[in-house]
Structures are given as structure tokens and as C-alpha cells.
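Hydrogens, waters and symmetry mates play no part in the numbers below; they use all other heavy atoms, side chains included. If you're wondering where the values come from, they're calculated on a predicted model, not measured in any experiment.
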Amino acid sequence: MLLFIDTTDQDSAKLTLISNSKTIDHIFKVSHNLSEVLIGQIQTFLKKQKIKFADLDKIAVVTGPGHFSKIRTAVAAANALAYGLGIPVVSISAGLKIDWQQLAKQKGKRMTQPQYGREPNITLPKKRS
């Protein structure tokens, strides 16, 4: 069973379970709190579907391009889950049409990295007077 994580949408995140070419989606609203709710949403989604983390054999995650913090959060969560479960993680680029059967056949890696669309815009700290 494969868990797919997509956080590229502006206002929501999408989780999909893929098993034997059957897909089950879970879409939830997010603002600036994705890092606080993503793992909990995954746990709730799996529990609702009566699936244990141990039932997963692969995780796929959209690695970008997309919003810097959302992509970073999704990739970190996917890598952590894959590492903890001892399963591979597969990178998907945003905007590509996904063939679930092909995705299930991909081997994956031990971990993946985010692909940002541009350099992060990080502001400098304010000068103290």
C-alpha cells in the first residue's frame, strides 16, 4: 500500500492511499499550520481507513516546485515516516499527471529532497537599536 502526500495547493493538502489501483483521497484545509497538523491528519486518515502504518510499503511525496514551507514540511514528514517504517520514498514533481500503477512500481529511495521553484526569500533579522 502506498501513501501519497501532496501539499502544493495554496489552501489545502491532499493525502491519497493507493492499493491495487484503488485510490482513497483525504483533502484537508491548511493555512500556516501544516507542520503542526500533517502527521495527525495522516494518522487520522489511516485510522479511518483501518490501515496501520506497518501496512504501508511505500510513500510518495510531491517534492515541488511549490510553497517553500509546505514542500519542506511534506518532504520532511515523508522522509521521517519512510525512515521509521523502513520503506522507500518516491519523489513526484508538481503538475505531472500521475499514473498510480506506474507510481506503485517505482522503487523509490531511502529519502528525498525538496525541489524549490526559486531561492527561498528569507528576510534578515531587524537591527536592534
Side-chain angles (χ1 to χ4, degrees):
M1 182 161 303
L2 183 141
L3 172 65
F4 175 72
I5 304 169
D6 182 359
T7 59
T8 57
D9 188 76
Q10 181 79 9
D11 302 316
S12 63
K14 179 179 178 182
L15 305 173
T16 304
L17 282 170
I18 300 105
S19 176
N20 300 326
S21 65
K22 178 183 173 186
T23 62
I24 304 166
D25 292 327
H26 173 65
I27 299 170
F28 58 98
K29 297 284 184 196
V30 292
S31 56
H32 297 290
N33 65 341
L34 182 64
S35 62
E36 298 171 17
V37 301
L38 181 58
I39 295 295
Q41 286 286 335
I42 292 170
Q43 288 175 315
T44 301
F45 178 47
L46 293 178
K47 188 174 184 179
K48 184 176 178 182
Q49 301 305 320
K50 297 181 178 143
I51 294 170
K52 297 176 185 170
F53 278 106
D55 296 332
L56 299 175
D57 53 24
K58 192 181 306 174
I59 296 175
V61 61
V62 176
T63 55
H67 187 273
F68 179 81
S69 294
K70 285 183 165 185
I71 294 296
R72 184 181 62 204
T73 299
V75 170
N79 283 335
L81 286 171
Y83 178 80
L85 296 169
I87 59 176
V89 62
V90 177
S91 301
I92 305 295
S93 292
L96 295 179
K97 185 173 188 237
I98 299 169
D99 180 341
W100 298 119
Q101 291 178 340
Q102 285 295 92
L103 183 60
K105 291 178 186 176
Q106 287 185 15
K107 287 194 178 203
K109 300 177 183 177
R110 289 183 52 118
M111 66 181 294
T112 189
Q113 294 183 347
Q115 302 169 5
Y116 305 117
R118 59 189 167 106
E119 288 296 316
N121 183 15
I122 300 172
T123 59
L124 296 174
K126 293 181 181 180
K127 292 183 181 179
R128 297 184 189 245
S129 34

Kindly work out whether a path of hydrophobic side-chain contacts (I/L/V/M/F/W/Y, heavy atoms less than 4.5 Å apart) joins Val89 to Ile39. yes

Between Lys70 and Gln10, which heavy-atom pair has the shortest distance, and what is it? NZ-O, 2.6 Å

Flag side-chain contact, heavy atom, 4.5 Å: Thr23 against Phe4: no

Given the options Leu2, Leu56, Asp25, Leu17 meets side chain to side chain contact (heavy atoms under 4.5 Å, CB included) only with Leu56

Which residue is it: Gln49, Gln41, Lys48, Lys14? I am looking for the one with a side-chain hydrogen bond (donor to acceptor under 3.5 Å, both in side chains) to His26. Gln41

From CG (Leu38) to CD1 (Ile42), nearest 0.5 Å: 4.0 Å

Could I get the full list of side-chain contact (heavy atoms from CB on, under 4.5 Å) partners for Asp55, not counting sequence neighbours? Ile51, Lys52

Pairs involving residues 71-94, ordered by first then second residue, that meet ring-ring contact (aromatic ring centres under 6.0 Å, His included) (sequence neighbours left out): none

Show the nearest heavy-atom pair for residues Ala82 and Ile59, with the distance to one decimal. N-CD1, 3.7 Å

At their closest point, which heavy atom of Ser93 faces which heavy atom of Val62, and how far apart are they? C-CG1, 4.3 Å

What pairs of donor and acceptor atoms, side-chain ones from residues 28-36 against any protein atom, are under 3.5 angstrom apart with sequence neighbours left out?
residue	atom	partner	partner atom	Å
Asn33	OD1	Ser31	N	3.3

Is there a continuous path of hydrophobic side-chain contacts, each under 4.5 Å between heavy atoms, that joins Met1 to Ile24? yes

Sorted by chain and residue number, the ring-ring contact (aromatic ring centres under 6.0 Å, His included) partners of Phe53 (sequence neighbours excluded) come out as none

Ser19: partners by side chain to side chain donor-acceptor pair (under 3.5 Å), with sequence neighbours left out: none

Partners passing side-chain contact (heavy atoms from CB on, under 4.5 Å) against Ala74 (at least two apart in sequence or in another chain): Ile5, Thr7, Val61

Distance-only, no hydrogens or angles: does the Asp6 side chain make a donor-acceptor pair with backbone N or O of Thr8 under 3.5 Å? yes

Tell me, do Ile87 and Leu81 make a side-chain contact under 4.5 Å, heavy atoms counted? no

Residues in side chain to side chain donor-acceptor pair (under 3.5 Å) with Asp9, at least two apart? Ser12

